[in-house]
Amino acid sequence: MIRHVFKIVWNSWKIFCGIFIEQAVVFVVLMLVVVSVFGILSKIYSPGLLNTDNTVSFGYMLSEINDNTGEVDKRVDILIDNLKKLDCVVGITQSMAMIPYMRDNAWYDSVRIDGKIYRVNYKGAEEEAYKVFCPDVVEGKWLTDDRLEDGSFACVVTKQLVDELQWTQAVGHKFFMGRNDLTVVGVISGIKHQVLLASDPTVIMPCNAMGYNDMFRELCARVYPGREKEFIMAYYKEFQRLIPVQEAQPFAMDMKFAKGASYNTALVYVMLQAVPTIFLFVFAFIGTFGLFMQNSERRAREYALRLAVGATPRRLLVFVVLESVVVTLLACLPGGLLSVFIYEYTLPEWIGVCVTILIMVVFSMLSTWYPAYRVTKVNPAETLK
């Protein structure tokens with residue numbers, strides 16, 4: 001039957017020309033959107049988002065008239081020690097550019113490794129950061145604050161950097177960055193500071209190896225589930241007790257709100273593409289449905305003749321639907337050829353193109369079913385008069 005359907009479509013190309021052009025255009029637009037959506041989803045679920053559940057980001061802003069920064073920093077250190085004693089606290093860490101969702105841009109620098117220069121993202125962290133952020137360590141271990149026995153600082157790199165350097169085993173490699181000798185002690189699956197951003201090749205080193213600058217002092221606490229507000233209130237109370245308001249102002253934020261805002265941004269990107277496409281799809285469905293209805297009316301005598309010579313209604317229904325599916329698959333060919341030139345065919349792109357074809361086939365079957373059903377109700381005796 002399939003060979004016969006192809007022959008019918010080929011010999012009646014003028015009849016199917018309008019349907020072919022419409023579905024070819026719909027396929028290209030739908031393919032671009034579906035591949036883009038799968039690309040966004042792959043970024044969302046790519047490794048690198050730190051675990052910020054039950055965490056609170058907090059800190060302080062120095063007053064413009066305050067000229068005693070060192071004294072405020074000493075009091076903040078006392079404040080942190082006091083907060084660590086709270087029974088709701090799992091851990092508190094200080095870091096540099098480590099907390100996700102807090103910035104649009106990352107810090108980058110050039111580093112020479114194995115005789116070549118690479119552009120890497122760099123961050124500062126403490127040993128306690130492992131307890132707070134729970135990074136996914138895939139090789140080795142997390143860094144320590146103290147120097148190693150050979151005098152170098154421990155550092156952690158991302159798998160993206162390991163892949164770029166083509167290291168088979170990263171732990172133990174040494175390189176120089178900034179003013180410090182670094183030794184790789186661990187590899188994490190990735191780290192990214194926004195939901196829609198992929199993990200960069202990154203080096204994470206101890207804060208004290210970076211020449212810690214209090215202007216970029218980030219504080220984050222992990223607390224037991226449901227006790228975020230309790231910690232925030234305790235922080236504000238302790239801050240007001242130790243530091244006069246004219247010297248610095250405190251702030252604190254439950255990280256679930258920052259995470260939610262980042263995910264909302266990703267949702268907006270998806271909706272901006274999906275909503276217009278849905279409207280296009282609806283109008284295309286109506287148009288295709290109308291064209292198939294018109295085509296079935298034009299060929300009523302042909303279908304009546306098929307019934308008259310012994311075709312069953314069910315077989316005729318399958319024939320008409322299969323005819324529309326063949327036209328749809330042929331209409332997908334120009335878009336499929338176009339995809340070869342515009343995509344690198346990564347896994348999300350492969351899935352996106354295949355899903356688009358599947359959607360088009362379902363779309364074709366749905367828009368053809370009712371016209372095909374009406375064809376099976378044709379009375380051959382009346383139609384062939």
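Everything numeric in this text was worked out from a predicted model, so none of it was measured.
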For [X], look at atom [atom1] and say whether over 12 heavy atoms of other residues, nucleotides or ligands are found less than 6.0 Å away.
| X | atom1 | result |
| --- | --- | --- |
| K84 | NZ | yes |
| Y345 | OH | yes |
| M365 | CE | no |

F231/F58 aromatic ring centres below 6.0 Å: yes
Please round to the nearest 0.5 Å and tell me the distance separating atom [atom1] of [X] and atom [atom2] of [Y].
| X | Y | atom1 | atom2 | result |
| --- | --- | --- | --- | --- |
| I44 | I40 | CD1 | CD1 | 7.0 Å |
| L161 | I113 | CG | CD1 | 5.0 Å |
| I99 | L219 | CD1 | CG | 7.0 Å |
| C354 | I359 | SG | CD1 | 11.5 Å |
| M96 | M98 | CE | CE | 12.5 Å |
| I351 | L358 | CD1 | CG | 12.5 Å |

Closest non-hydrogen atom pair between [X] and [Y], with its separation:
| X | Y | answer |
| --- | --- | --- |
| A154 | L143 | O-CB, 4.0 Å |
| V187 | A170 | CG2-CB, 3.5 Å |
| F27 | G336 | CE2-N, 3.6 Å |
| E164 | P201 | OE1-CG, 3.2 Å |
| A209 | M205 | CB-SD, 4.4 Å |
| P100 | M255 | O-CE, 3.4 Å |

Salt bridge flag under 4.0 Å for residues [X] and [Y]:
| X | Y | answer |
| --- | --- | --- |
| D53 | R222 | no |
| K159 | E139 | no |
| D81 | K85 | no |

Do you reckon [X] sits in the same ILVMFWY cluster as [Y], going by side-chain contacts under 4.5 Å, direct or chained?
| X | Y | value |
| --- | --- | --- |
| V90 | M233 | no |
| I342 | V26 | yes |
| M102 | I191 | yes |
| V361 | W350 | yes |
| I78 | Y236 | yes |

Residues T55 and K256: side-chain donor-acceptor under 3.5 angstrom: no
Residue pair D87 / Y224, side-chain donor-acceptor N/O under 3.5 Å: no
Polar side-chain atom of [X] near backbone of [Y] as donor-acceptor pair, under 3.5 Å:
| X | Y | answer |
| --- | --- | --- |
| S152 | L148 | no |
| S36 | L32 | no |
| N208 | D145 | yes |
| T158 | T202 | yes |

So, do [X] and [Y] sit near enough that their side-chain heavy atoms are less than 4.5 Å apart?
| X | Y | result |
| --- | --- | --- |
| V195 | Y101 | yes |
| I188 | V138 | no |
| L49 | K192 | yes |
| V111 | F175 | yes |
| F153 | T183 | no |
| V203 | K123 | no |
| F176 | L182 | no |
| R75 | P244 | yes |

Worked verdict on Y235 versus V56 for side chain to side chain contact (heavy atoms under 4.5 Å, CB included): CA-CA 10 Å; Y235 166 65; V56 176; over 6 Å; no
Chi angles and distances behind the side chain to side chain contact (heavy atoms under 4.5 Å, CB included) call for K259, L50: CA-CA 10 Å; K259 183 178 180 180; L50 298 176; over 6 Å; no
Can you give the donor-acceptor pairs under 3.5 Å from side chains of residues 328-335 to other protein atoms, not counting sequence neighbours?
unit_1	atom_1	unit_2	atom_2	d
T328	OG1	Q23	OE1	2.5
T328	OG1	S324	O	3.0
T328	OG1	S364	OG	2.9

Summary of side chain to side chain donor-acceptor pair (under 3.5 Å) pairs that have at least one residue in residues 111-122, sequence neighbours excluded: D114-W167
Under the side chain to side chain contact (heavy atoms under 4.5 Å, CB included) test, residues paired with N264 that sit two or more places apart: none
Side chain to side chain contact (heavy atoms under 4.5 Å, CB included) partners of V35, counting only residues at least two apart: M31, Y343, E349, V353
Listed partners of K174 passing salt bridge (charged side-chain N to carboxylate O under 4.0 Å, His left out), at least two apart: D150
List, one per line, each side-chain donor-acceptor pair under 3.5 Å for residues 124-136, sequence neighbours excluded.
unit_1	atom_1	unit_2	atom_2	d
E126	OE1	T93	OG1	3.3
E126	OE1	Q94	N	2.9
D136	OD2	S189	OG	3.1

Side chain to side chain contact (heavy atoms under 4.5 Å, CB included) between F38 and V355, intermediate numbers included: CA-CA 10 Å; F38 273 95; V355 168; 3.9 Å; yes
CA sep, side-chain torsions, deciding dist, call: N54, R227, side chain to side chain contact (heavy atoms under 4.5 Å, CB included): CA-CA 8 Å; N54 311 312; R227 305 186 70 176; over 6 Å; no
